[in-house]
Amino acid sequence: MNAYAPILVLGALGAGFAIFSVVMASIVGPKRYNRAKLEAYECGIEPTPHPAGGGRFPIKYYLTAMLFIVFDIEIVFLYPWAVTFDSLGMFGLVEMLLFVLTVFVAYAYVWRRGGLEWD
């Protein structure tokens, strides 16, 4: 339990600071609300009404999101591999080449579907 004490103390300090900040902002902050301040701010553009279901997103949005997730997962696997590269030998090199090849297949799929082209 002694090993986790600093982590628990840091978590308690972070939660305490967050709660203190929210409470103090509501007590000390200005309370002059008007209609313009209560509207959603969208870069100066008047918000347009959306359908009840939320509308449809283009497929490029999902393809780009999947591409970012694939590359994030690749980085998570590449760092430990780079640290232990010498001890893995040829087996580690072949396994990582196969992994990078599968990541490249995902990249090629998104590229082929036009997910990297912005109109």
Side-chain angles (χ1 to χ4, degrees):
M1 186 62 181
N2 288 338
Y4 295 110
I7 296 172
L8 293 174
V9 169
L10 185 62
L13 282 172
F17 178 74
I19 292 170
F20 174 77
S21 298
V22 170
V23 169
M24 288 307 293
S26 65
I27 293 172
V28 179
K31 295 172 180 51
R32 296 180 302 264
Y33 298 110
N34 59 27
R35 184 175 175 210
K37 285 187 179 182
L38 294 177
E39 286 185 10
Y41 179 71
E42 295 184 10
C43 302
I45 300 171
E46 291 294 322
T48 57
H50 294 288
R56 295 179 56 141
F57 287 99
I59 190 68
K60 289 181 183 181
Y61 172 79
Y62 294 108
L63 290 176
T64 306
M66 286 191 304
L67 186 67
F68 277 111
I69 290 171
V70 165
F71 284 129
D72 286 343
I73 292 170
E74 180 186 19
I75 294 301
V76 166
F77 285 117
L78 278 176
Y79 276 124
W81 173 78
V83 170
T84 61
F85 177 71
D86 290 336
S87 63
L88 293 176
M90 185 59 75
F91 172 75
L93 180 63
V94 171
E95 289 297 319
M96 192 49 67
L97 285 176
L98 290 173
F99 178 71
V100 170
L101 181 67
T102 59
V103 170
F104 180 72
V105 168
Y107 175 72
Y109 173 75
V110 172
W111 186 6
R112 182 83 171 165
R113 294 285 303 214
L116 301 176
E117 297 173 8
W118 297 100
D119 296 331

Co-members of Val105 in a cluster of I, L, V, M, F, W and Y side chains, linked at under 4.5 Å: none

Leu13: hydrophobic cluster co-members (side-chain, 4.5 Å): Val9

Nearest heavy atoms of Pro6 and Ala3, plus distance in Å: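 Distance-wise, the nearest heavy atoms are CD-O, 3.6 Å.
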
Tell me which donor-acceptor pairs under 3.5 Å the side chains of residues 66-79 have, and how far apart each pair is, sequence neighbours excluded?
none

Pairs under 3.5 angstrom only: tabulate donor-acceptor contacts from the side chains of residues 80-102 to other protein residues two or more places apart or in another chain.
| unit_1 | atom_1 | unit_2 | atom_2 | d |
| --- | --- | --- | --- | --- |
| Trp81 | NE1 | Gly92 | O | 3.1 |
| Thr84 | OG1 | Pro80 | O | 3.0 |
| Ser87 | OG | Thr84 | O | 3.1 |
| Thr102 | OG1 | Phe99 | O | 2.6 |

Tell me which donor-acceptor pairs under 3.5 Å the side chains of residues 16-30 have, and how far apart each pair is, sequence neighbours excluded?
| unit_1 | atom_1 | unit_2 | atom_2 | d |
| --- | --- | --- | --- | --- |
| Ser21 | OG | Phe17 | O | 2.9 |
| Ser26 | OG | Val22 | O | 3.4 |
| Ser26 | OG | Val23 | O | 2.8 |

